[in-house]
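Owing to the predicted nature of the structure, the values given are computational and were not obtained by experimental measurement. Here is the naming used below: chain letters follow the sequence lines, and residue numbers restart at 1 for every chain. Side chains included, hydrogens not; waters and symmetry mates left out as well; all remaining heavy atoms used.
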Amino acid sequence: MMNTLLAFYHQLLARYGPQGWWPLLSHPGASSTPNSIRGIYHPGHYDLPSTREQRFEICIGAILTQNTAWRSVEKALINLLQIKALHPEGLDALNETQLKEAIRPSGYFNQKAIKIRSFTAFFLALEERTPSREELLALWGIGPETADSMLLYAFKVPTFVVDAYTRRVLSSTGWISGTESYDSIKNLFEKQLPHDLALFQEYHALFVEHAKQECTSHDRR
DNA sequence: TTCCAGGCAATAC
DNA sequence: GTATTGCATGGA
């Protein structure tokens, strides 16, 4: 039997090319895209993040982007970078006012300040260890998508991420009705696809690009 | 002005 | 268990 989901992946990849997620604010020898103010994508490379700081940056971005446009998240990340708080020790040293002021552009800043605080304490205690999904989900403010994004892009665990774009594309193809749970959609992909890091990273990024090109808010309604 | 954006937790039923 | 609501800023 033909694997529909794998075939669809190859279609998207042929059409859009490798996306190079997750965007980082800086890394040598890569190019930026119009989706970003100054975040750097690294298409075709799966070695990043290569440092503890980059891993932390991705995790903080995953929290900040909850129901928020990436453009707004980048403003917050740039603010944190400028006050030398885009690494765990620097973040931990901020007071409440400094933290909230820095992340204000990304919205929900009171809640996100608490989420970032508790996650930073958790990250410091990790000491380079890769956390389990259950550990992440136990943290206040970390739900399934945020946990999976951290695992897939920061910790390089081949786990499938489901987000609003994924649901939008799958709804438009008629492959889901819209009421399916997060885990049921996740399991659909993880059962049909080989658990490969590059594949899972690219597939999610390609869903985002395809949704942005073909499933605009105007079309949805 | 209104609607929406790479969710999540708390609450209501 | 599923449905609704608050959270907040910035851009279209």
Inset, instruction - Could you pick out which residue, A:D163 or A:L139, lies toward the 5' side of DNA chain B when each is mapped onto its nearest nucleotide? - result: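 The residue whose closest nucleotide sits nearer the 5' end is A:D163.
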Legend entry - Ion pair A:R55/A:E128, N-O distance below 4.0 Å: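 So A:R55 pairs with A:E128 through a salt bridge.
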Legend entry - Pairing of A:E96 and A:R117 as salt bridge, 4.0 angstrom limit: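 Yes, A:E96 and A:R117 are salt-bridged.
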[X] has an atom [atom1]; how far is it from atom [atom2] of [N], in whole Å?
X      : N      : atom1 : atom2 : answer
A:L64  : C:dG10 : CG    : C1'   : 15 Å
A:L136 : B:dG7  : CG    : C1'   : 15 Å
A:I142 : B:dA9  : CD1   : P     : 8 Å
A:D183 : B:dC8  : CG    : P     : 11 Å
A:N79  : C:dT9  : CG    : C1'   : 13 Å
A:R71  : C:dA8  : CZ    : P     : 23 Å
A:E74  : C:dG11 : CD    : P     : 13 Å
A:F109 : C:dG6  : CZ    : C1'   : 14 Å

Inset, instruction - Find which nucleotide of DNA chain C each of A:T68 and A:K75 is nearest to by heavy atoms, and output the residue with the more 5' nucleotide. - result: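 Nearest nucleotide further toward 5': that of A:T68.
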I want to verify a distance call: between [options], whose nearest atom is closest to the [X] side chain?
X      : options              : result
A:Q66  : B:dC8, C:dG11, C:dA8 : B:dC8
A:Y108 : B:dA10, B:dA5, C:dC7 : C:dC7
A:R104 : B:dG7, B:dA9, C:dT9  : C:dT9
A:W140 : B:dA9, B:dG7, C:dT9  : B:dA9

Legend entry - A:T146 vs B:dC8: side-chain N/O to OP1/OP2 distance below 4.0 Å: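 Yes.
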Legend entry - N/O (side chain, A:N67) to phosphate O (OP1/OP2, B:dC4) under 4.0 Å: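 No, A:N67 has no side-chain N/O under 4.0 Å of OP1/OP2 on B:dC4.
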Inset, instruction - Remember a base hit wins even if backbone is also touched, and classify A:I63 as base, sugar-phosphate or nothing at under 4.0 Å, heavy atoms. - result: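 Contact class for A:I63: none.
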Inset, instruction - For A:Q111, report the nucleic acid contact type (base, sugar-phosphate, nothing); a contact means any heavy atom under 4.0 Å. - result: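 Base, at least one base atom sits under 4.0 Å.
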Legend entry - Under 3.5 Å side-chain donor-acceptor pair for A:K112 and A:T68: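 Short answer, yes.
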Legend entry - Check: A:E214 side chain, A:K212 main-chain N or O, donor-acceptor pair, under 3.5 Å: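 A pair under 3.5 Å: no.
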Legend entry - Test log, rule ring pair (Phe, Tyr, Trp, His ring centres under 6.0 Å), inputs A:F189 and A:F200: CA-CA 9 Å; A:F189 284 87; A:F200 281 4; 8.4 Å; no
Legend entry - Whole-Å P distance, B:dC8 and C:dG10: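 Roughly 22 Å separates the two P atoms.
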